[in-house]
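Worksheet for the structure shown next.
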Amino acid sequence: MKQSFSFYESVYEVVKKIPYGRVSTYGAIANYLGLKSSARMVGWAMNKSHYNLDKIPAHRVVNRNGVLTGKHNFGGQNIMQQLLENEGVIVENDMIINFEEHFWNPIEELD
DNA sequence: TGATTGACCAACT
DNA sequence: CAGTTGGCCAATC
């Protein structure tokens with residue numbers, strides 16, 4: 001499958017390591033990979049992840065405000081919110097409550 | 001093959 | 001204070 005690691009392939013690896021009930025951000029992942037300004041590419045990689053949604057918990061990745069920016073990409077409306085709430089993450093108005101408590105920073109956790 | 005775009009972020013005007 | 005721009009990588013048109 002993966003013979004050479006690219007940026008977005010590394011994104012998948014990190015996203016798959018997000019623990020249950022935790023969430024992370026595009027910027028944090030990009031920063032962890034050493035690309036501080038490549039948060040857009042993380043989102044773009046997630047867009048492609050719909051082919052591997054079974055392995056990639058894309059619903060645990062939100063923007064730095066804790067807002068479910070990509071919820072509409074889950075083929076519906078509040079699918080992403082339902083998935084998060086199912087893991088104990090409270091979501092209101094497309095925004096994660098106590099986002100800092102659920103935030104999982106790969107830089108600090110994996111380092 | 002050149003140009004455009006994308007689930008973002010931060011700085012600048 | 002709000003709108004614009006630069007930045008990064010890969011894919012699509």
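Model, not experiment: these values are computed from the prediction. Below, chains carry the letters A, B, ... as their sequence lines are ordered, and counting in each starts from 1.
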**OP:** Let me know, please, whether A:Arg40 or A:Tyr8 comes out on the 5' side of the other along DNA chain C by nearest nucleotide.
**Re:** A:Arg40
Subject >> Residues in side-chain hydrogen bond (donor to acceptor under 3.5 Å, both in side chains) contact with A:Asp94, at least two apart in sequence or another chain >> reply: A:Lys71
Subject >> Distance in Å, A:Leu35 CG paired with A:Met41 CE, rounded so as to fall on 0.5 Å steps >> reply: 9.5 Å
Subject >> Atom-to-atom span, NE2 of A:His50 to P of B:dA7 - whole angstrom >> reply: 12 Å
**OP:** At the 4.0 Å heavy-atom cut-off to chain A, mark where contacts on DNA chain C begin and end, going 5' to 3'.
**Re:** C:dG7 to C:dT12
**OP:** Side chain of A:Trp44 only, please: which of B:dC9, B:dA7, B:dG6 is the nearest?
**Re:** B:dG6
Original post:
With sequence neighbours left out, what residues match A:Glu87 under side-chain hydrogen bond (donor to acceptor under 3.5 Å, both in side chains)?
Top reply: A:His59, A:Arg60
**OP:** To the nearest 0.5 Å, tell me how far A:Gln82 CD sits from A:Asn78 CG.
**Re:** 5.0 Å
**OP:** For B:dA10 and C:dA10, measure between their C1' atoms and round to the nearest Å.
**Re:** 22 Å
**OP:** Verify, without hydrogens or angle tests, whether A:Asn98 (side chain) and A:Glu101 (backbone) share a donor-acceptor contact under 3.5 angstrom.
**Re:** no
Original post:
How far does CG of A:Asn105 sit from OH of A:Tyr32, to the nearest 0.5 angstrom?
Top reply: 10.5 Å
**OP:** Send over the distance from A:Ile29 CD1 to B:dC8 P, rounded to a whole Å.
**Re:** 13 Å
**OP:** Using whole Å, report how far CG of A:Asn47 lies from P of B:dT4.
**Re:** 21 Å
Original post:
Do other residues, nucleotides or ligands put more than 12 heavy atoms under 6.0 Å from A:Gln77 CD?
Top reply: no
Original post:
Of A:Gly27 and A:Met41, whose closest DNA chain B nucleotide lies nearer the 5' terminus?
Top reply: A:Met41
Original post:
For A:Leu33 and B:dC9, what is the distance between atoms CG and P respectively, to the nearest whole Å?
Top reply: 15 Å
Subject >> Nearest-nucleotide comparison on DNA chain C, the residue closer to the 5′ end among A:Ser38 and A:Lys48 >> reply: A:Ser38
**OP:** Indicate, with a heavy-atom threshold strictly under 4.0 Å, whether A:Lys36 touches base, sugar-phosphate, or nothing.
**Re:** nothing
Subject >> Pairwise P distance, C:dT5 and B:dT4 [rounded to whole Å] >> reply: 14 Å
Subject >> Candidate nucleotides B:dA10, B:dA7, B:dC8, ranked by approach to the side chain of A:Arg64 - the nearest >> reply: B:dA10
